[in-house]
Amino acid sequence: VGINSLDVTTDTEVVKSIRNMELVMVLDNTGSMRRNSKIDALKTAAKDLVNILYGEQSGSELLKIGLVPFSASVNIGADKLTSGWVDVNAESSLHGVAFSPASNIFDLYNNKLKNTNWNGCIEARPYPLDVSDTPPASGDTLWVPYFAPDEPSDTSYRYPNSYLPDDISDPDPAVVQQFVPKYDDETPSRGGPGFNCNLAEITPLIDDKAAVLSSIDAMNASGNTVIPIGLGWGWRVLSPTEPYSEGVDYSDKLTDKILVLLTDGKNDIGRGVSSRNHNKSYYNGYGFVAQNRLGTTNSSAAHSELDNRTAALCSNIKNAGVIVYSVTFQVTDPGIKNLMRNCATDGGKYFDAVSNAQLSKNFKEIAIELSKLRISK
């Protein structure tokens with residue numbers, strides 16, 4: 001037709017959509033975090049992550065964040081007493097096993113001890129329920145309330161949590177410790193049934209930036225290190241089923257579930273406990289080592305078993321479709337570094353922060369990576 005060329009213009013439109021994200025931070029709040037201002041550095045780093053993800057928004061229905069502070073156990077909150085999660089009727093096979101005769105722990109809290117209430121801490125379920133996301137229903141699926149028993153008032157050896165008169169004379173410290181009548185009408189002098197679990201409460205998945213930041217500020221450093229209990233509750237916060245059910249179903253293709261795990265040391269329930277301590281550990285969410293709740297009464301073997309259960313949880317959580325980031329903070333032990341490295345979804349999601357400044361840098365890196373993940377192509 002006599003036209004040899006034609007100018008053509010095109011327009012291309014790229015539409016970016018924001019993916020939903022559910023994030024839980026499982027953060028070490030153990031006593032060693034008091035050193036070198038580590039707990040303050042952790043609070044700053046965690047708040048930086050939250051602020052980067054939310055940006056200028058005060059909340060977003062597309063982004064929910066939860067928080068699980070842990071040490072020797074976790075605190076689900078005393079208001080969960082009537083939730084149906086807590087073993088109020090002594091149905092669990094672990095309920096009251098530290099006493100003779102076995103007693104309902106809430107009878108000790110409510111009818112015997114004075115000026116002492118359950119603080120919301122719980123104990124681990126028996127294996128393999130402790131490394132699962134099985135919803136609570138009855139029996140061993142329920143969580144036993146935390147109760148550290150009064151340890152003997154031995155004049156030649158000071159037990160770490162002796163808070164009542166013994167009210168019994170017996171050469172066997174186990175008999176003295178298990179004696180129930182000594183709790184009648186008494187007030188703990190120090191320590192008490194909440195010993196080794198002085199923690200801020202778990203924060204479920206919420207879309208309120210200010211509330212998450214406030215929960216981070218409430219964290220405090222106290223107690224021994226029991227990583228699998230904290231890790232297990234991090235999974236449960238993300239889960240769509242009870243005990244926490246704020247998370248969407250795993251089949252939701254528009255939502256990423258993220259878990260960030262940080263520890264400043266290896267599993268430790270009392271490596272330095274004297275051989276004269278018949279309990280062989282400090283009390284923790286798995287009771288005493290001497291109670292054989294970890295499948296052994298040997299302290300070294302118990303610590304190895306805690307590592308095994310940490311590894312099992314890491315696998316179970318990743319198999320559920322959760323993306324796992326792990327952080328070691330001023331850690332020198334190669335064993336815990338390897339455990340945490342293997343816990344991460346891949347090598348690029350493991351960080352080894354050797355200083356407070358590097359922790360801040362690493363959390364910002366995680367936040368930026370998560371921000372990019374939320375933008376779908």
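Treat the numbers as computed from the prediction; the structure is a model and nothing was measured.
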Partner set under salt bridge (charged side-chain N to carboxylate O under 4.0 Å, His left out) for Asp208, not counting sequence neighbours = none
In terms of hydrophobic clusters joined by side-chain contacts under 4.5 Å, are Val322 and Leu205 together?
-> yes
Would you give the length of the straight line joining atom CG of Asn356 to atom CG of Asp40, rounded to the nearest 0.5 angstrom?
-> 8.5 Å
Test item: Ser326 side-chain N/O and Met340 main-chain N/O as donor-acceptor pair under 3.5 Å | yes
What's the shortest heavy-atom distance between Ala367 and Leu53, and which atoms?
-> O-CD2, 3.7 Å
Arg341 CZ to Ile336 CD1 distance, which is reported to the nearest 0.5 Å = 11.0 Å
Residue pair Pro160 / Asn277: nearest heavy atoms and the distance that separates them | CD-ND2, 3.8 Å
Is there a donor-acceptor pair closer than 3.5 Å between any side-chain N or O of Ser245 and the backbone N or O of Glu242?
-> no
Thr328 side chain near Tyr350 side chain, heavy-atom distance below 4.5 Å = yes
Could you give the distance from CG (Leu108) to CD (Glu186), rounded to the nearest 0.5 Å?
-> 13.0 Å
Looking only at heavy atoms, which two atoms of Met25 and Leu49 are closest? And how far apart?
-> SD-CD2, 4.4 Å
Side-chain touch Ser32/Gln330, heavy atoms, less than 4.5 angstrom | no
Got a salt bridge between Glu22 and Lys64, using NZ or NE/NH1/NH2 to carboxylate O under 4.0 Å?
-> no
Other than Val97, what residues sit in its cluster of Ile, Leu, Val, Met, Phe, Trp and Tyr side chains whose heavy atoms are under 4.5 Å apart, directly or through others?
-> none
Measure the acute angle between the ring planes of Tyr109 and Phe106, then classify it against the limits of 30° and 60° as parallel, tilted or perpendicular.
-> tilted
Would Thr187 and Tyr163 satisfy side chain to side chain contact (heavy atoms under 4.5 Å, CB included), going step by step from the backbone distance to the final call?
-> CA-CA 8 Å; Thr187 299; Tyr163 55 87; over 6 Å; no
Roughly how far, to the nearest 0.5 Å, is CD1 of Ile366 from OG of Ser371?
-> 11.5 Å
Do the side chain of Asn89 and the main chain of Glu91 share a donor and acceptor less than 3.5 angstrom apart?
-> no
With a 4.5 Å limit on heavy-atom distance, are the side chains of Leu373 and Glu369 in contact?
-> no
Do other residues, nucleotides or ligands put more than 12 heavy atoms under 6.0 Å from the NZ atom of Lys361?
-> no
Looking only at side chains, do Glu123 and Tyr283 share a donor and an acceptor under 3.5 Å apart?
-> yes
Carboxylate-amine/guanidinium proximity below 4.0 Å for Arg125 and Asp130 | no
When you look at Asn279 and Ser281, which way does the side chain to side chain donor-acceptor pair (under 3.5 Å) test go after all the steps?
-> CA-CA 6 Å; Asn279 294 312; Ser281 72; over 6 Å; no
Search all heavy atoms of Leu27 against all heavy atoms of Ala46 and return the closest pair with its distance.
-> CD1-CB, 4.2 Å
When rounded to the nearest 0.5 angstrom, what distance separates CD1 in Ile216 from NZ in Lys47?
-> 7.5 Å
Check: Lys209 side chain, Gln57 main-chain N or O, donor-acceptor pair, under 3.5 Å = yes
Ring centres under 6.0 angstrom apart (Phe99, Tyr183) = yes
Do Ile258 and Val248 share a hydrophobic cluster, counting only Ile, Leu, Val, Met, Phe, Trp and Tyr and linking them when any side-chain heavy atoms are less than 4.5 Å apart?
-> no
Can you check whether Tyr282 reaches Ile269 side chain to side chain, under 4.5 Å on heavy atoms?
-> no
Side-chain donor/acceptor of Thr263 to backbone N/O of Gly265, under 3.5 Å = yes
Taking all heavy atoms of Asn198 and all of Asn220, pick out the closest pair and write down the distance.
-> O-OD1, 2.8 Å
Any donor-acceptor N or O pair under 3.5 Å, side chains Asn298, Thr296 = no
What do the steps show when you test Tyr286 against Ile229 for side chain to side chain contact (heavy atoms under 4.5 Å, CB included), and what is the final call?
-> CA-CA 9 Å; Tyr286 282 100; Ile229 293 183; 3.7 Å; yes
Would Tyr325 and Leu262 show up in the same hydrophobic cluster when neighbours are defined by side-chain heavy atoms closer than 4.5 Å?
-> yes
Without swapping roles, check the side chain of Lys257 against the backbone of Trp235 for a donor-acceptor pair under 3.5 Å.
-> no
Using a 4.5 Å cut-off on heavy atoms from C-beta on, say whether the side chain of Pro173 contacts that of Tyr159.
-> yes
Grab the two heavy atoms, one from Asp352 and one from Lys337, that are nearest each other, plus how far apart they are.
-> OD2-NZ, 3.1 Å
Output yes when a side-chain donor or acceptor of Lys43 lies under 3.5 Å from a complementary backbone atom of Met219, and no otherwise.
-> yes
Would you confirm whether Asn267, through its side chain, and Ile227, through its main-chain N or O, come within 3.5 Å as a donor-acceptor pair?
-> yes
Only one of Ile76, Val26, Asn75 passes side chain to side chain contact (heavy atoms under 4.5 Å, CB included) with Trp233; say which it is.
-> Ile76
If a pair satisfies ring-ring contact (aromatic ring centres under 6.0 Å, His included) and one of its residues is in residues 52-96, list it, with sequence neighbours excluded.
-> Trp85-Tyr244
Within the distance-only criterion (no hydrogens, no angle test), does the side chain of Asp87 pair as donor or acceptor with the backbone N or O of Gly139 below 3.5 angstrom?
-> no
Side-chain (Asn161) to main-chain (Gly192) donor-acceptor, under 3.5 angstrom | yes
Check whether any side-chain heavy atom of Val180 sits under 4.5 Å from a side-chain heavy atom of Lys112, and report yes or no.
-> yes
Side chain to side chain contact (heavy atoms under 4.5 Å, CB included) between Val324 and Cys314, intermediate numbers included = CA-CA 8 Å; Val324 178; Cys314 291; 5.8 Å; no
Report the C-alpha distance between Leu62 and Met21 in whole Å, list the side-chain angles of each, state the deciding distance to 0.1 Å, and finish with yes or no for side chain to side chain contact (heavy atoms under 4.5 Å, CB included).
-> CA-CA 6 Å; Leu62 304 180; Met21 180 173 290; over 6 Å; no
Min side-chain heavy-atom separation Tyr250-Ser239 under 4.5 Å = yes
If you round to the nearest 0.5 Å, how far is CG of Leu370 from CG of Leu23?
-> 6.5 Å
Polar side chain donor-acceptor pair, Asp268 to Thr225, under 3.5 angstrom | no
Find out whether Asn224 and Ser71 are in side-chain contact, i.e. whether some heavy atom of one side chain is under 4.5 Å from a heavy atom of the other.
-> no
Over 12 foreign heavy atoms within 6.0 Å of CZ, Arg271 = yes
Give a yes or no on whether Val24 and Phe351 share a hydrophobic cluster (residues Ile, Leu, Val, Met, Phe, Trp, Tyr; joining criterion: side-chain heavy atoms under 4.5 Å apart).
-> no
Please answer: with hydrophobic residues joined when any side-chain heavy atoms are less than 4.5 Å apart, are Leu213 and Leu359 in the same cluster?
-> yes
In this structure, which one of Thr203, Leu259, Val68 forms a side chain to side chain contact (heavy atoms under 4.5 Å, CB included) with Val237?
-> Val68
